[in-house]
Number of protein chains: 2
Amino acid sequence: MTIKLFIVDDHYMVIEGIKSLLRHEESIIWSGHARNAAFCLAELRVNQPDIILMDISLPDKSGIELCKEVKATYPSIYVIGLSTFNQQSFIKKMLESGASGYILKNATKKEILEALQTVMKGGIYLNYEVSNQLKSRTSVPFAVLTKREKEILKLISDGLTNVEIAEMLFLGTATVDTHRKNLLLKMGAKNSAMMVKLAIEHNLLPIGK
Amino acid sequence: MTIKLFIVDDHYMVIEGIKSLLRHEESIIWSGHARNAAFCLAELRVNQPDIILMDISLPDKSGIELCKEVKATYPSIYVIGLSTFNQQSFIKKMLESGASGYILKNATKKEILEALQTVMKGGIYLNYEVSNQLKSRTSVPFAVLTKREKEILKLISDGLTNVEIAEMLFLGTATVDTHRKNLLLKMGAKNSAMMVKLAIEHNLLPIGK
DNA sequence: GTGTCCTTCCCCTAAAAAGGGGATTTTTAA
DNA sequence: TTAAAAATCCCCTTTTTAGGGGAAGGACAC
């Protein structure tokens with residue numbers, strides 16, 4: 001699994017640091033970087049990465065804003081928040097804005113790779129300290145869903161039936177049915193209505209997006 | 001259920017197109033059409049339809065204005081917005097002006113009929129793309145639920161079936177069924193999964209329990 | 001005291017989901 | 001290279017929901 005990675009951070013050192021850390025990782029393809037939100041958006045117009053590591057504080061816009069905008073235009077790009085401090089309120093907002101994870105700037109190489117891989121598979125990554133602070137609701141990654149499952153979950157929450165989803169994704173209805181069953185299983189939901197509620201509670205479904 | 005339908009649109013093609021699409025629908029009774037707001041208002045003085053399909057941009061007045069005026073004079077007439085583009089700001093304004101729904105001009109026959117039937121029953125209809133864009137959470141006058149409905153909505157989101165809810169509230173299943181149907185109607189949801197999502201988005205369901 | 005809204009309950013049918021299996025291919029990770 | 005994991009598809013049955021009606025009593029307001 002190769003990951004096209006983009007970094008947005010106004011501190012040059014951070015960009016260099018991460019670059020350097022991941023230098024020898026063959027699975028990481030460098031997609032570029034930006035020092036502010038405007039540059040980031042401009043870059044995205046010509047080149048879309050798989051994942052963006054995004055600082056929470058940027059010179060021209062907050063990471064929360066930028067995250068929202070990016071997810072609105074490019075829903076398939078995953079965003080991972082990046083900051084020096086373990087600030088619960090920001091982390092929550094970031095996740096609520098569609099981010100798939102959050103890492104601290106003092107994260108180890110191993111942690112960063114773990115985060116990238118988890119997110120790339122459609123999961124939510126929060127490191128130990130972070131997830132410890134965010135109790136219960138907005139965070140706990142209680143189910144790791146695959147890309148396809150997330151895709152289908154979203155469509156279920158939009159009110160589509162298995163048949164409609166199958167048509168939309170060019171699949172057989174049996175396939176969608178299987179995915180729906182697996183989703184119910186993974187999330188421990190008794191039916192789709194409960195599943196949607198759980199998904200939103202655990203930020204597997206970005207709402208207001 | 002027959003529906004007396006009126007169309008206001010300055011594009012003749014649109015009027016013809018809709019007429020043509022619904023030609024064989026016996027439930028639709030043609031109440032007339034107008035190419036501008038003035039003609040529309042004149043027509044209404046002698047003949048009131050059940051529903052007006054109303055273009056957002058008219059030669060003499062915006063659909064938003066016209067909608068307000070129509071609803072002021074004839075509150076019982078339902079208005080459905082009609083436009084080529086999925087423009088969030090207009091849709092919002094249209095709904096705030098009293099419209100009961102919004103459809104795009106590339107809507108299918110099925111969608112149009114669905115919209116007409118939903119609205120005729122007092123519901124709100126927004127098609128898939130449109131409702132996806134409207135994240136408002138507050139500005140759009142969303143459903144007003146009764147106490148009982150809120151109670152049942154909560155239990156639905158917890159994954160309970162009609163039978164289970166009926167037992168819990170000492171009601172007949174038919175009663176719960178009726179409430180569920182009314183909830184779907186009021187919220188313009190196509191099924192319970194979508195309803196839960198909409199409810200959370202509009203703060204009708206406290207999440208995190 | 002008439003009318004509207006809420007709540008309660010009933011009929012019917014069709015569609016969809018849930019629950020239980022199983023199986024194959026492709027992709028990915030170790 | 002080999003073993004998971006993901007994604008695809010199929011069978012079956014039962015339960016639940018959705019969609020179309022209708023009706024009737026009670027509360028509250030105008």
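What you see is a predicted model, and the numbers here were worked out from it, not measured in a lab. Here is the naming used below: chain letters follow the sequence lines, and residue numbers restart at 1 for every chain.
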Looking at the side chain of [X], which of [options] is the nearest nucleotide?
X      : options               : answer
A:L171 : C:dA16, D:dT8, C:dA18 : D:dT8
A:R148 : D:dA7, D:dG20, C:dA17 : D:dA7
A:D177 : D:dA18, C:dA18, C:dT7 : C:dA18
B:N162 : C:dT7, D:dT17, C:dA18 : D:dT17
A:K147 : C:dA18, C:dT7, D:dA7  : D:dA7

When we call it a touch if two heavy atoms are under 4.0 Å apart, what does A:T175 touch: a base, just sugar-phosphate, or nothing?
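The residue A:T175 makes base contact.
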Spacing of B:L82 atom CG and B:I52 atom CD1 [to the nearest 0.5 Å]
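Answer for the CG-CD1 pair, B:L82 versus B:I52, is 12.0 Å.
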Go through the N and O atoms of the side chain of A:T178 and the base of D:dC9, and report whether any donor-acceptor pair is under 3.5 Å.
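Answer yes: a donor N or O sits under 3.5 Å from an acceptor.
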hbond_proxy B:K181 side chain to D:dG20 base (donor-acceptor, 3.5 Å cutoff):
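In this structure, the two groups form a donor-acceptor pair.
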Relative to the 5' end of DNA chain C, which residue comes earlier, A:T161 or B:T146, by the nucleotide with the nearest heavy atom?
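Taking each residue's closest nucleotide, the earlier one in sequence belongs to B:T146.
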Residue from A:K147, A:K154, A:R148 passing side-chain hydrogen bond (donor to acceptor under 3.5 Å, both in side chains) with A:E151:
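The side-chain hydrogen bond (donor to acceptor under 3.5 Å, both in side chains) with A:E151 is passed solely by A:R148 among A:K147, A:K154, A:R148.
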Could you walk me through whether B:E149 and B:K186 pass the salt bridge (Lys or Arg N to Asp or Glu O under 4.0 Å) check?
CA-CA 10 Å; B:E149 283 167 346; B:K186 277 189 178 180; 2.8 Å; yes
